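A quick note: this is a predicted structure, and the numbers were derived from the prediction, not measured.
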Amino acid sequence: MAEITYRSTDGTATVVDVPTGNSVMRGAVVNGIRGIVAECGGGAMCSTCHVYIDESSGAPLPKMSEIEDELLYSTACPRRGNSRLSCQLPVTDELDGLVVDLPERQQ
(Lines give C-alpha, C1' and ligand atoms only; values in the text may rest on other atoms or scores of the structure.)
Protein backbone atom coordinates (compact mmCIF):
# COMPACT_ATOMS: atom_id res chain seq x y z
CA MET A 1 0.00 0.00 0.00
CA ALA A 2 1.25 3.47 -0.83
CA GLU A 3 -0.07 6.83 0.23
CA ILE A 4 -0.57 8.99 -2.87
CA THR A 5 -1.51 12.68 -2.73
CA TYR A 6 -3.55 14.13 -5.59
CA ARG A 7 -3.48 17.96 -5.74
CA SER A 8 -6.06 19.83 -7.77
CA THR A 9 -5.47 23.19 -9.41
CA ASP A 10 -7.32 24.95 -6.58
CA GLY A 11 -4.78 23.59 -4.12
CA THR A 12 -7.01 20.93 -2.58
CA ALA A 13 -4.96 17.87 -1.67
CA THR A 14 -6.58 14.47 -1.32
CA VAL A 15 -4.50 11.71 0.24
CA VAL A 16 -5.42 8.15 -0.69
CA ASP A 17 -4.03 4.76 0.28
CA VAL A 18 -3.62 2.88 -3.01
CA PRO A 19 -3.01 -0.87 -2.91
CA THR A 20 0.18 -2.20 -4.44
CA GLY A 21 -0.40 -3.51 -7.94
CA ASN A 22 -2.90 -0.81 -8.88
CA SER A 23 -1.91 2.22 -10.93
CA VAL A 24 -1.86 5.82 -9.74
CA MET A 25 -4.75 6.35 -12.19
CA ARG A 26 -6.81 3.51 -10.72
CA GLY A 27 -6.27 4.88 -7.24
CA ALA A 28 -7.75 8.18 -8.39
CA VAL A 29 -10.72 6.67 -10.21
CA VAL A 30 -11.69 4.25 -7.44
CA ASN A 31 -11.54 7.04 -4.88
CA GLY A 32 -13.48 9.60 -6.93
CA ILE A 33 -10.62 12.03 -7.49
CA ARG A 34 -11.86 14.72 -9.85
CA GLY A 35 -9.43 15.59 -12.62
CA ILE A 36 -8.55 12.08 -13.81
CA VAL A 37 -10.89 11.09 -16.64
CA ALA A 38 -9.21 7.82 -17.69
CA GLU A 39 -11.27 7.38 -20.86
CA CYS A 40 -9.38 4.30 -22.05
CA GLY A 41 -9.38 2.66 -18.63
CA GLY A 42 -5.62 2.51 -18.33
CA GLY A 43 -4.62 1.11 -21.70
CA ALA A 44 -2.24 3.96 -22.64
CA MET A 45 -4.48 4.93 -25.53
CA CYS A 46 -5.79 8.40 -24.69
CA SER A 47 -3.91 10.75 -22.28
CA THR A 48 -6.84 11.72 -20.06
CA CYS A 49 -4.96 10.60 -16.96
CA HIS A 50 -2.17 13.13 -17.43
CA VAL A 51 -0.54 14.32 -14.20
CA TYR A 52 2.44 16.40 -13.17
CA ILE A 53 4.78 14.66 -10.75
CA ASP A 54 5.91 16.65 -7.73
CA GLU A 55 9.56 15.70 -7.99
CA SER A 56 10.25 16.78 -4.41
CA SER A 57 8.43 13.65 -3.21
CA GLY A 58 11.43 11.66 -4.43
CA ALA A 59 9.43 8.58 -5.39
CA PRO A 60 11.22 6.34 -7.91
CA LEU A 61 9.18 6.12 -11.10
CA PRO A 62 9.48 3.58 -13.90
CA LYS A 63 11.08 4.64 -17.13
CA MET A 64 8.68 6.19 -19.63
CA SER A 65 7.75 3.98 -22.57
CA GLU A 66 7.72 5.26 -26.16
CA ILE A 67 3.92 5.02 -26.24
CA GLU A 68 3.56 7.14 -23.10
CA ASP A 69 6.08 9.63 -24.45
CA GLU A 70 4.07 10.02 -27.68
CA LEU A 71 0.71 10.32 -25.89
CA LEU A 72 2.01 13.10 -23.68
CA TYR A 73 2.21 15.30 -26.79
CA SER A 74 -1.59 15.09 -27.12
CA THR A 75 -2.63 16.20 -23.63
CA ALA A 76 -5.25 18.91 -23.12
CA CYS A 77 -2.86 20.89 -20.91
CA PRO A 78 0.77 21.52 -21.83
CA ARG A 79 3.29 18.77 -21.42
CA ARG A 80 6.04 19.57 -18.93
CA GLY A 81 9.26 17.86 -17.97
CA ASN A 82 7.45 16.21 -15.05
CA SER A 83 4.40 15.04 -17.06
CA ARG A 84 3.36 11.40 -16.85
CA LEU A 85 0.32 9.30 -17.61
CA SER A 86 -0.93 8.05 -14.27
CA CYS A 87 -2.09 4.78 -15.86
CA GLN A 88 1.57 3.99 -16.55
CA LEU A 89 2.63 4.36 -12.92
CA PRO A 90 2.19 1.07 -11.10
CA VAL A 91 1.89 1.49 -7.35
CA THR A 92 4.66 -0.09 -5.30
CA ASP A 93 5.63 0.38 -1.67
CA GLU A 94 8.40 2.70 -2.92
CA LEU A 95 5.79 5.15 -4.25
CA ASP A 96 4.59 5.85 -0.72
CA GLY A 97 4.48 9.64 -0.39
CA LEU A 98 4.14 10.35 -4.12
CA VAL A 99 2.44 13.68 -4.88
CA VAL A 100 0.82 14.32 -8.25
CA ASP A 101 -0.62 17.60 -9.46
CA LEU A 102 -3.67 17.44 -11.67
CA PRO A 103 -3.86 19.62 -14.79
CA GLU A 104 -6.65 22.16 -15.29
CA ARG A 105 -8.44 19.85 -17.71
CA GLN A 106 -8.04 16.50 -19.41
CA GLN A 107 -10.13 16.97 -22.54
Side-chain angles (χ1 to χ4, degrees):
M1 184 93 53
E3 188 175 88
I4 311 291
T5 301
Y6 300 87
R7 283 192 305 223
S8 65
T9 55
D10 70 3
T12 303
T14 305
V15 180
V16 175
D17 287 325
V18 181
T20 301
N22 283 291
S23 66
V24 172
M25 180 219 70
R26 179 109 174 109
V29 170
V30 167
N31 290 284
I33 304 295
R34 296 177 84 90
I36 300 283
V37 176
E39 275 185 4
C40 74
M45 297 173 61
C46 62
S47 73
T48 60
C49 66
H50 177 217
V51 295
Y52 301 113
I53 303 298
D54 182 337
E55 295 167 335
S56 69
S57 61
L61 300 177
K63 184 177 169 143
M64 186 181 301
S65 70
E66 286 183 37
I67 292 170
E68 180 181 4
D69 186 42
E70 287 298 317
L71 281 170
L72 284 168
Y73 287 108
S74 64
T75 56
C77 286
R79 177 184 181 155
R80 299 180 191 158
N82 62 338
S83 287
R84 293 297 300 262
L85 297 180
S86 59
C87 71
Q88 298 301 295
L89 301 175
V91 174
T92 62
D93 291 338
E94 291 77 26
L95 284 191
D96 189 49
L98 178 69
V99 177
V100 297
D101 292 306
L102 305 172
E104 290 180 17
R105 65 186 188 290
Q106 294 286 1
Q107 299 175 327

Do any side-chain atoms of residues 34-45 form donor-acceptor pairs under 3.5 angstrom with protein atoms, and if so which ones, sequence neighbours left out?
unit_1 : atom_1 : unit_2 : atom_2 : d
E39    : OE2    : Q107   : NE2    : 2.1

In short, ring-ring contact (aromatic ring centres under 6.0 Å, His included) pairs touching residues 30-49 with sequence neighbours left out are none
Report task. Answer yes or no: is there a side-chain heavy-atom contact under 4.5 Å between V91 and V24? Result -> yes
With sequence neighbours left out, the residues meeting side-chain contact (heavy atoms from CB on, under 4.5 Å) with R26 are N22, S23, V30
Q | Heavy-atom side-chain proximity of T5 to L98 below 4.5 angstrom | A | no
Applied to residues 56-65, the side chain to side chain donor-acceptor pair (under 3.5 Å) test, sequence neighbours excluded, yields D54-S56
Of Q106, R105, M25, the one forming a side chain to side chain contact (heavy atoms under 4.5 Å, CB included) with T48 is Q106
Contacts satisfying ring-ring contact (aromatic ring centres under 6.0 Å, His included) that involve residues 25-59 (not counting sequence neighbours) are H50-Y52
In terms of heavy-atom contacts, E3 and V15 come closest through CG-CG1, 3.1 Å
Salt bridge (charged side-chain N to carboxylate O under 4.0 Å, His left out) pairs touching residues 92-103, sequence neighbours excluded, are R7-D101
With sequence neighbours left out, the residues meeting side chain to side chain donor-acceptor pair (under 3.5 Å) with S8 are D10
Any side-chain heavy-atom pair from V18 and L95 closer than 4.5 angstrom? no
Besides Y73, the hydrophobic cluster formed by Ile, Leu, Val, Met, Phe, Trp and Tyr side chains linked at under 4.5 Å, directly or via other members, contains none
Joining Ile, Leu, Val, Met, Phe, Trp and Tyr whenever any side-chain heavy atoms lie under 4.5 Å apart, the cluster holding M64 also takes in I67, L71, L72, L85
Hits for salt bridge (charged side-chain N to carboxylate O under 4.0 Å, His left out) against D17, two or more places apart or cross-chain, chain-then-number order -> none
Taking every heavy atom of P78 against every heavy atom of S83, the minimum-distance pair comes out as O-OG, 4.2 Å
Just so I know, are the side chains of I53 and L61 near enough to count as touching, which here means a heavy-atom distance under 4.5 Å? yes
By side chain to side chain donor-acceptor pair (under 3.5 Å), E68 pairs with (sequence neighbours left out) R84
Of all heavy-atom pairs linking P90 and P62, the shortest is CD-CG, 3.9 Å
